[in-house]
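Have a look at the structure below before the remarks.
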Amino acid sequence: MLQRAVEAGVAFAWVTADEAYGQSKSLRCWMEQRAISHVMCVKTSDTVITRGAGERRVDELVAGLAPQAWKNGEGPIGRGALGGAGVGEQDLQGFR
């Protein structure tokens with residue numbers, strides 16, 4: 001579906017996906033190769049490829065984040081039910 005949208009020239013800024021699609025490393029790599037911004041749910045035991053620290057387990061990356069990196073969100077079951085952290089290259093300095 002995404003490939004067809006890209007080939008058809010459909011304009012979009014980014015892609016989001018739940019854990020079912022987030023587990024697909026081939027999909028994540030495909031989007032990275034095409035510079036498609038994305039936010040994917042992944043398991044903490046999964047690995048992701050970062051620009052600053054190479055391939056790392058998600059739980060390792062999360063453990064190294066400063067508390068101020070986290071933002072609470074408003075989810076379907078109330079405040080704080082959804083949250084996330086923005087990870088930039090500066091956040092990965094200790095992993096090199």
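Please read these numbers as outputs of a predicted model, since none were measured by experiment.
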Residues forming a side chain to side chain donor-acceptor pair (under 3.5 Å) with Ser24, sequence neighbours excluded: Ser26
Inter-residue atom distance Glu32.CD - Lys25.NZ, 0.5 Å rounding: 13.5 Å
Intermediate values then yes/no, side-chain contact (heavy atoms from CB on, under 4.5 Å), Arg28 and Val42: CA-CA 11 Å; Arg28 295 191 327 245; Val42 295; 3.6 Å; yes
Closest non-hydrogen atom pair between Asp59 and Arg57, with its separation: OD2-NH2, 2.7 Å
Contact summary for Ser37 and Ala13, nearest pair of heavy atoms: CB-O, 3.9 Å
Within-4.5 Å side-chain heavy-atom neighbours: Arg34 and Leu2: no
Distance (rounded to the nearest 0.5 Å) between Gln23 CD and Lys43 NZ: 4.5 Å
Full working for side-chain contact (heavy atoms from CB on, under 4.5 Å) between Leu61 and Val48: CA-CA 9 Å; Leu61 291 171; Val48 292; 3.6 Å; yes
Glu7: side chain to side chain donor-acceptor pair (under 3.5 Å) partners, not counting sequence neighbours: Gln3
Within-4.5 Å side-chain heavy-atom neighbours: Met40 and Leu27: yes
